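Keep in mind that what you see is a predicted model, and the values were worked out from it rather than measured. Letters A, B, ... mirror the listed sequences (proteins, then strands); counts begin at 1.
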Protein chains: 2
Amino acid sequence: MAYTIKDVAKRAGVGIATVSRVLNESPNVLPETRARVLAVIDELGYRPNHAARQLVTAKTNAIAIILPFLTRPFFIEVLRGIESVVANSEYQLIIFNVDSPEQRTRYFNTLPFLGRTDGLLIVSLPLAPPEIKRLQAANLPAVMIDTQAGNLPSVVVDNVGGAFKAVEHLISKGHQRIGFVSGQLEPDLGFTVNRDRQRGYEAALTAHHLPVQAKYLRAGFDRRDWGHQAALELLDLAEPPSAIFAANDDLAFGIIDALRERGLKAGDDLAVVGYDDLEMAQLIGLTTIHQPMEQMGRKGAEVLLAALNEGTRRPTLHTLPVNLIERASSVKPSKA
Amino acid sequence: MAYTIKDVAKRAGVGIATVSRVLNESPNVLPETRARVLAVIDELGYRPNHAARQLVTAKTNAIAIILPFLTRPFFIEVLRGIESVVANSEYQLIIFNVDSPEQRTRYFNTLPFLGRTDGLLIVSLPLAPPEIKRLQAANLPAVMIDTQAGNLPSVVVDNVGGAFKAVEHLISKGHQRIGFVSGQLEPDLGFTVNRDRQRGYEAALTAHHLPVQAKYLRAGFDRRDWGHQAALELLDLAEPPSAIFAANDDLAFGIIDALRERGLKAGDDLAVVGYDDLEMAQLIGLTTIHQPMEQMGRKGAEVLLAALNEGTRRPTLHTLPVNLIERASSVKPSKA
DNA sequence: AGATGCTCTGAAAACGTTTCCATGGCTCAT
DNA sequence: ATGAGCCATGGAAACGTTTTCAGAGCATCT
C-alpha cells in the first residue's frame, strides 16, 4: 500500500496535523520543521490520498464539460479552448459527450457529475426549465457556452452582429437585392441562431435604407439540400437577388452546388456569404463569418474558474465579437 | 447540506449497513426492507457521497486519457471512439491534453492522475523507459494507443504497411517518380509516424525496383501550409514527380491547394495520395489510407476496461489493419 | 429437545485526510 | 517577576461511506 500521512508524521517525528499544515502551506509551521517534513515526503514519495481530502474538504478539483457531437469542428475548438485554461488551473476536466436526445435526457436526469465535480460547463445544449431548476437546486456552479438558460452565466457570440457584418459587406460590394437562406426560425430545441441571424440581416438592410423583402427570405431546414433548393427558388424569381447570405456554411455549400448546377459560379455570377467558417469554407473559397470558437471555450472556462475561486456567482452574459473572412465567393462588386 | 446515509437509515428505520447493502445490491436483504429503503432514498433524493465511497473502496471509477494536439482530427476520432465505449461503462473520462514537451514531462513526472483514476489511456505519446517504470511502479493499469512502450498493452496501426499500400497503388498506376511529403521525422514529442510511413514509402519503391531519391523527399511540419510549400518545391524541380504521397491528409490538402494555385488538378495532372481518411478527404475526392481511428479508440478503451474489470493484465499487442480508399485524386494512370 | 446452520440485521471499525481545540513554551510589556 | 498574548504543535473529532463481526430469529436435522 501507499504511504499515508501517518507514516510521514511518524518518520518525521511530528504529528499528522503538522504534516497536513506543511501540505497545505499553512504559515504557522517552523521552517525547520517544514523542511524535515518535506524531506520525508520526498524520501517516501508520499502523495496525499485524494478521496480522503475530498471527503473532508467537499471539493473535487474537477469540472465537467457537457457537449454534443464531439466530432464536429466547432465543439472541438471550444473544447480546446476550455482545456487550455483548465490545464493551467488546479482542476481536471471530465468530459461528457451527448450525441442523442436520450443520452441528453439521461444526463440531465441523473446528473452523474453531481458530487464528482465542482463546476459544470455546458456547450451549445439548450436546457429546459425543469433541468435548469434541478441544476440550480444542486447548487453546482455552471456556465453555459454558446447557449443561454435561466440566469446562468453565459458566453455567446454576437449572431445578430455577425449577420449584420456579412450583409453590410455585401452591400459595400454594391449589392441591393440580397437573399437570406436559413434553417428553422423556431426549432424544437429552442436554438435561436437562425432567428438572430435574420435579425442581423434585416438590421443591416434597414441601416442602409434597403427594403426587407419577403420574397428574398427562405427559412427552411438546417441542411445542405435546403440551401440547394432555396437557391434554385431564389434564382427563379422574376428579379433574382445578386447576392445570398446563408445562415450557416452548410447551407452556403448547398447554394454553391445549386449555382454550379445552373452553370453559374459563386463570386462571379452571384455573391455568397456563409456563417461559421468551417474548414471546408477555406478550401472552397467561401466568404463567411468566423466565430471565435476557441476563445469561447477559454472565456467560458475562465468565467467558471472565477466563480469557483472567488465565489463570483452573479449571472453574466459575455458576448464575443465575430469577424468576416473575405474570400472569392464575394470578391467581385455587383454588376447591377 | 445533502442527505447522508444516516438520514436514510434513520428515516427508513434501519441501520446504515442495511442502506449500504441496498445501495450495493447485496442479495442478503429482505425484499420488504429493500423496498422501504429505496422509497426513502427516492423521497429524499439521496445520492451517495462519492468521495466517501472512494475512500473506503479505493476505486475512483474514472479513467484518464492523455493525448497530444486535441485539435487534430486524428486524435478527435480516437477520443470519440474512447468516449463511446467509456460512456457505456460505469467510468468517467478525465482528459489531459499534452501539446508541448514541457507539459509532457510535467505530466509524467508528477502523474497528476495518480489516485484520481483507476486506469490510463495514452494516445500516440511515446514513453521513455524511466517513465514506463514510474508508471508501472504506480501499479496503474495503462493501455497505449497508437504507440508502444515497455510491455504495456498496445493498440496500433500498421503505418509502415499502410504507406507501402499507398505507394504500391501509385506504382500500379504507372507512376515512377513519386514524391513524399511528411512532417518532422524526429519531432519533439517523439512520434514515429512520419518515420514509419517514410519507411513504408521506401520499402514499396525498393520492392518495385524504383530508386529512392532524396530530391523527392520533403520532411517539414505537420501542418497544411507545409504541404502547400512542399508541393510547390516539388513542382519546381527540373523533373517533378508525377505523384505525391503525403504522410497525412492534412498535408495532402495543402498539396491540392498548391496544385490549384498552379492551375493544376489533383488526379488529372498529378496523383495525390494521403493518409488518415479524414471526413474532408471524401468530400474532396482524395485517395488515402483509411485508419480505423475511432476503432482504435474503442479497442483501446475496451482493453483497458477488460483489464480493470476482469483483471486481465497480460501485455497484448493489437495491430489494426489499414486499407486504401481509392478516389479521384489518383484515378488516372500516369502519362509518363 | 437440542444442536446446527442459514438469513437478515445493526454496531462499530476502518479508510486518510482536514480542522478544531487545547497546551506548552516563549516574548514582551508592565 | 508575572500575566497577557502569540506561535508551533499534537490529539482527537469529523467527513460519509463500506465492510467486518456478532447476534437474533428461525427452520431443519439428529
Side-chain angles (χ1 to χ4, degrees), chain A residues 1-41 44-62 90 112 114-118 138-139, chain B residues 1-41 44-62 90 92 112-118 138-139:
Chain A
M1 272 291 97
Y3 292 107
T4 75
I5 201 174
K6 272 188 201 153
D7 300 317
V8 175
K10 189 180 296 176
R11 188 142 184 153
V14 298
I16 60 167
T18 298
V19 178
S20 177
R21 273 185 281 261
V22 170
L23 250 25
N24 295 288
E25 285 162 5
S26 156
N28 293 339
V29 47
L30 232 49
E32 177 191 305
T33 313
R34 175 188 309 278
R36 199 164 69 243
V37 171
L38 284 176
V40 174
I41 286 176
L44 259 40
Y46 163 76
R47 311 180 114 248
N49 178 300
H50 207 266
R53 183 173 271 184
Q54 221 174 285
L55 178 58
V56 47
T57 59
K59 226 185 154 250
T60 65
N61 279 326
E90 63 197 314
L114 217 66
R116 304 206 51 160
T117 60
D118 296 331
N139 199 33
Chain B
M1 271 291 95
Y3 291 108
T4 75
I5 201 173
K6 270 187 200 153
D7 300 315
V8 175
K10 190 180 294 177
R11 187 144 187 151
V14 299
I16 59 167
T18 298
V19 177
S20 177
R21 273 185 281 260
V22 170
L23 250 26
N24 295 288
E25 285 161 5
S26 155
N28 294 339
V29 48
L30 229 48
E32 179 190 302
T33 313
R34 174 189 309 279
R36 198 166 69 244
V37 171
L38 284 176
V40 173
I41 286 176
L44 260 40
Y46 163 75
R47 309 179 116 249
N49 177 299
H50 209 265
R53 184 173 269 183
Q54 222 175 285
L55 178 57
V56 47
T57 61
K59 222 184 157 254
T60 65
N61 278 326
E90 62 198 313
Q92 304 198 326
F113 33 79
L114 216 65
R116 304 206 52 160
T117 60
D118 297 331
N139 201 33

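Within the structure, every side-chain polar atom (N or O) of B/N49 is placed at least 4.0 Å from both OP1 and OP2 of D/dC15. Distances shown here put every side-chain N or O of B/N28 at or beyond 4.0 Å from the OP1 or OP2 atom of C/dT7. Close to C/dT9, at under 4.0 Å from its OP1 or OP2, lies a side-chain N or O of B/T33. An OP1 or OP2 oxygen of C/dT18 is reached within less than 4.0 angstrom by a side-chain nitrogen or oxygen of A/S20. Within the 4.0 Å cut-off from OP1 or OP2 of D/dT17, at least one side-chain nitrogen or oxygen of B/Y46 is found.
Closest to the side chain of B/L23, out of D/dT18, D/dC15, D/dG10, is D/dT18. Of all nucleotides listed (D/dT17, D/dT9, C/dG16), D/dT17 comes nearest to the side chain of B/I16. Distance from the side chain of B/R53 is smallest to D/dT17 among D/dT17, D/dA8, C/dT9.
The two residues B/R34 and B/P27 come nearest to each other via the heavy atoms NH2-O, 4.3 Å.
Residues B/R34 and A/T18 each lie close to DNA chain C; by heavy-atom proximity, the contact nearer the 5' end of the strand is made by B/R34.
Axis angle between the ends of the helix from C/dA1-D/dT30 to C/dT30-D/dA1, five pairs each and rounded to 10 degrees, works out to 50°.
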Please list every donor-acceptor pair under 3.5 Å in which a side-chain atom of residues 9-25 of chain B meets a protein atom from a residue at least two apart or in another chain.
{"residue": "B/R11", "atom": "NE", "partner": "B/E43", "partner atom": "OE2", "Å": "3.3"}
{"residue": "B/R11", "atom": "NH2", "partner": "B/E43", "partner atom": "OE2", "Å": "2.5"}
{"residue": "B/S20", "atom": "OG", "partner": "B/N24", "partner atom": "ND2", "Å": "3.4"}
{"residue": "B/N24", "atom": "ND2", "partner": "B/S20", "partner atom": "O", "Å": "2.8"}

